[in-house]
Amino acid sequence: MMLFSGAASAADPFRVLGRTLPSLAAELRPATACDSTAVAGTLTLARAVERALCANPATRSAWLTARLRAAELGQAQSAYLPDISLSGRLARNGDDALADDRSAWQFGLDAQYLLFDFGGRAARSDAAEALLAAARASHDASVRLLYLQTVTAYFNLLTAQGAVTTARETEASALEALKAATARVEVGTAIPLDRLQAKTVHTQRQIERIRAEGEAARLRGELAALMGDVSQTAWTLQDDEAAFSQTLDLGRAVEALIEAARTRRPELRAAEATLAAREAGVRSAESEGKPRLSAFFDARRQDSGTLAATSSSLGVNLTIPLFTGYRSAYQIAAAETQAELAAAERDRVGNQVALEVWRTFYRLRSETEADSRSADLVESAAAAEKLALGRYQAGLGILLDVLSAQANLAQARQGQLQTRLGLRVARAELAQAMGELSWDWMERVQQETVQ
């Protein structure tokens, strides 16, 4: 263990690799949550998110990008240390003047150290530092986006499974209408057209149930893919109603939420850091056409068989670029353009953040209002369907009323299901848009209300 620790320390003398987040899933979940075993049995929302953050290639790619930027920062900081090299040469020499061949050897030590370059070395270090900050922020953003995608996929699958249950109930109601129409036709209190209409509607409900089952199977695969393996679907969902059921304060002005989001979103931090890196790149490009002052040391020992000598030198080296074919001018122009592009991208990300907050805020508002009325709609539709079917079975109503009431009930049930789960997705989307999406959303004990 001591040898391993020493090797790791020697591999990272500037301690830059340790500045990346210690896990692929950033700070959103406990460090011990990763589990490589296959997902089976009951799958909760928290387990699905944990699995996605650990196994999805998106988080690994973002984490490795941050590690790459950390290594590049180490390369930039290495410019503050001297370059030292050892060289050696061994040869067998012979010529016509001397009868015997001779062995000749030479070895030397070279050292170079940059003393001054008008800030180019510092600019490259600043750029690498900013790119590391941008990569860390991008990693955080990727993790939170995957978190949101998994939550959305989980709730979409729950909605699809509920739609299958609703479709089966609707199919059963259509079968009851078909049986009632058949019974009345057989006793002569209804015309055969009623039975044909009821059979047609029953067949339509069967098709809707089949399609609902297919949609649920498709969404199951999408959730499995987010968790890293589309072939692992041997699990059943267990809905935790406490997850994303917290009440958000919708009384605040949307403009205030937008301003809060601008200070929290990791995408904006990444864009600001990228701009800082590009501005440092301008300083680096400007230094390329300026003088460089460096110190050097050279020591050599050689022996050619007939002559042995030792030599050494110590001094400074000044390099003044006189003409580079206008390369420096174009490098500066390119660096300035990259900085302007980074500033434009920063502004684009800021506008996108504001738009996401605006959209998700008003979607959550409408979903909240719709949810408060969906239960009443289902209750009234169920009562109307029961009454219409009872009247028809008693020979007092017409089949059209029954079929219409059943269609209204099916629509009301599906709407209630989509609204209730859509409300939770809307909460997740607003939390993501504001940069507040965290593990606490799945732990009601820690967060009852988001202010």
Side-chain angles (χ1 to χ4, degrees), residues 23-63 142-172 208-246 413-414 416-429 431-432 437-447:
S23 74
L24 301 179
E27 302 171 350
L28 286 181
R29 59 161 187 79
T32 59
C34 273
D35 185 0
S36 60
T37 60
V39 180
T42 300
L43 180 65
T44 63
L45 177 59
R47 175 67 177 129
V49 173
E50 288 173 355
R51 181 69 179 185
L53 295 182
C54 290
N56 194 287
T59 54
R60 180 171 178 79
S61 176
W63 183 72
S142 297
V143 168
R144 294 175 190 277
L145 178 60
L146 180 60
Y147 182 164
L148 177 62
Q149 290 173 340
T150 306
V151 169
T152 302
Y154 192 94
F155 285 142
N156 284 344
L157 180 54
L158 279 177
T159 303
Q161 290 180 345
V164 171
T165 301
T166 299
R168 289 171 179 170
E169 293 174 352
T170 304
E171 181 185 354
E208 292 171 358
R209 185 257 305 163
I210 293 171
R211 287 176 174 170
E213 292 172 345
E215 179 68 6
R218 182 186 68 81
L219 292 174
R220 175 176 287 268
E222 289 187 1
L223 179 57
L226 286 171
M227 292 190 296
D229 191 352
V230 72
S231 64
Q232 293 186 14
T233 58
W235 36 260
T236 56
L237 297 189
Q238 176 183 334
D239 185 19
D240 181 7
E241 295 185 357
F244 289 92
S245 62
Q246 298 89 337
R413 285 173 174 169
Q414 183 65 21
Q416 183 186 42
L417 180 65
Q418 292 178 343
T419 299
R420 286 185 174 177
L421 291 177
L423 177 59
R424 297 165 75 179
V425 172
R427 292 191 183 108
E429 290 177 343
Q432 163 69 6
L437 192 62
S438 66
W439 205 256
D440 292 340
W441 283 95
M442 292 183 290
E443 298 175 357
R444 189 168 183 171
V445 174
Q446 299 184 22
Q447 179 176 332

Legend entry - SB check Arg168 Glu213 (cutoff 4.0 Å): yes
Inset, instruction - Evaluate the side-chain proximity of Trp439 to Val49: yes if any heavy-atom separation is below 4.5 Å, no if none is. - result: yes
Inset, instruction - Go through the structure and list residues passing side chain to side chain contact (heavy atoms under 4.5 Å, CB included) with Arg220, not counting sequence neighbours. - result: Leu157, Gln161, Thr233, Trp235
Inset, instruction - State, to 0.1 Å, how close Ala52 and Thr150 come at their nearest heavy-atom pair, and which atoms those are. - result: CB-OG1, 3.3 Å
Legend entry - From CG (Leu223) to OH (Tyr154), nearest 0.5 Å: 8.0 Å
Legend entry - Heavy-atom donor-acceptor pair, Asn56 side chain to Leu226 backbone, under 3.5 Å: yes
Inset, instruction - Enter the distance from Leu219:CG to Thr152:OG1 here, rounded to the nearest 0.5 Å. - result: 11.5 Å
Inset, instruction - Please confirm whether the backbone N or O of Ala242 pairs with a side-chain atom of Ser245, one donor and one acceptor, at under 3.5 Å? - result: yes
Inset, instruction - Inspect the contact between Glu222 and Arg218 and indicate whether a charged nitrogen and a carboxylate oxygen are less than 4.0 angstrom apart. - result: yes
Inset, instruction - Looking only at non-hydrogen atoms, find the nearest pair between Ala167 and Ala212 and report the distance. - result: CB-CB, 4.3 Å
Inset, instruction - Using a 4.5 Å cut-off on heavy atoms from C-beta on, say whether the side chain of Glu169 contacts that of Arg413. - result: yes
Inset, instruction - Determine yes or no for a side-chain-to-main-chain donor-acceptor pair under 3.5 angstrom, with Tyr147 supplying the side chain and Ser438 the backbone. - result: yes
Inset, instruction - With rounding to the nearest 0.5 Å, note down the distance linking CG in Asn156 to CD in Glu215. - result: 8.5 Å
Legend entry - Flag side-chain contact, heavy atom, 4.5 Å: Gln238 against Leu43: no
Inset, instruction - Run the numbers on Arg51 and Gln232 for side chain to side chain contact (heavy atoms under 4.5 Å, CB included), then give the verdict. - result: CA-CA 12 Å; Arg51 181 69 179 185; Gln232 293 186 14; 3.9 Å; yes
Legend entry - N/O donor-acceptor pair under 3.5 Å between Thr59 side chain and Leu53 backbone: yes
Legend entry - By side-chain hydrogen bond (donor to acceptor under 3.5 Å, both in side chains) - contacts of Asp239 (at least two apart): Arg424
Inset, instruction - Compare every heavy atom of Gln432 with every heavy atom of Leu148, then report the nearest pair and how far apart it is. - result: CD2-CG, 3.6 Å
Inset, instruction - Evaluate the ring planes of Phe155 and Phe244, with Trp represented by its six-membered ring, and classify them as parallel (under 30°), tilted (30 to 60°) or perpendicular (over 60°). - result: perpendicular
Legend entry - Minimum side-chain heavy-atom gap Gln149-Arg144 below 4.5 Å: no
